[in-house]
Amino acid sequence: MLKVLYGRLAYKRKIDIIVLPLIFIYIIYTFPFLVFTLLLALRSLGAFGNAFKDNSSNMEKILLHFSAIVISFGLWIFISMMIENILLKNK
């Protein structure tokens, strides 16, 4: 799943100077999604197959990206609301 979401994170071509910072921003943005899927994988204990042996079609890869973006957006809003609530209680 990590290879599908982020590709290769190595500097090999000149264009990677532009692409790698964008990928790292995407990694930071989708971090809550990674935690969420890690917790789901731990709960299922491999019931859905091995995540490292990924034989996904292009449509499944696109859906994974869209779900990562949408779920991360919702989780970042939830996290920011929790932090705001904690900060306002301490005033």
Side-chain angles (χ1 to χ4, degrees):
M1 181 179 74
L2 293 176
K3 189 173 182 181
V4 171
L5 277 177
Y6 308 122
R8 60 179 180 85
L9 299 173
Y11 176 74
K12 293 187 179 179
R13 298 175 290 173
K14 290 183 180 181
I15 192 75
D16 289 339
I17 292 173
I18 298 169
V19 173
L20 285 177
L22 296 174
I23 291 175
F24 287 127
I25 291 170
Y26 184 66
I27 290 172
I28 292 169
Y29 177 72
T30 57
F31 183 74
F33 175 76
L34 291 176
V35 172
F36 179 71
T37 54
L38 173 71
L39 293 174
L40 285 177
L42 288 175
R43 182 164 189 241
S44 68
L45 297 173
F48 300 112
N50 189 355
F52 295 110
K53 294 181 180 178
D54 189 35
N55 297 326
S56 301
S57 67
N58 287 335
M59 184 57 108
E60 290 172 344
K61 292 176 185 177
I62 292 169
L63 290 175
L64 179 65
H65 279 285
F66 280 136
S67 65
I69 290 169
V70 170
I71 291 173
S72 293
F73 181 74
L75 289 173
W76 277 117
I77 289 175
F78 180 73
I79 290 168
S80 66
M81 288 173 58
M82 286 180 52
I83 290 172
E84 181 182 351
N85 191 16
I86 290 170
L87 292 175
L88 288 177
K89 273 188 177 178
N90 291 334
K91 275 191 166 181

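Residues take their numbers from the sequence shown, with the count starting at 1.
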Do Ile69 and Phe33 come close enough that some side-chain heavy atom pair is under 4.5 Å? no
Check whether any side-chain heavy atom of Phe24 lies under 4.5 Å from a side-chain heavy atom of Ile27, and answer yes or no. yes
Can you tell me how far the [atom1] atom of [X] sits from the [atom2] atom of [Y], to the nearest 0.5 Å?
X	Y	atom1	atom2	value
Asn58	Leu63	CG	CG	11.0 Å
Leu88	Ile83	CG	CD1	12.0 Å
Leu38	Leu34	CG	CG	8.5 Å
Arg13	Leu20	CZ	CG	9.5 Å
Ile62	Met59	CD1	CE	6.0 Å

So which residues get pulled into Val70's cluster when ILVMFWY side chains under 4.5 Å apart are joined, directly or through others? none
Apply the hydrophobic cluster definition, ILVMFWY joined by side-chain contacts under 4.5 Å directly or through others, and give me every member besides Leu22. none
Shared hydrophobic cluster, Ile15 / Ile23 (ILVMFWY, side-chain heavy atoms < 4.5 Å): yes
In terms of hydrophobic clusters joined by side-chain contacts under 4.5 Å, are Val19 and Ile17 together? yes
How about OH on Tyr26, more than 12 heavy atoms from neighbouring residues, nucleotides or ligands closer than 6.0 Å, or not? yes
Quiz: residues 72-79 side-chain donor-acceptor pairs under 3.5 angstrom, not counting sequence neighbours:
{"unit_1": "Ser72", "atom_1": "OG", "unit_2": "Ala68", "atom_2": "O", "d": "2.7"}
{"unit_1": "Trp76", "atom_1": "NE1", "unit_2": "Tyr29", "atom_2": "O", "d": "2.7"}

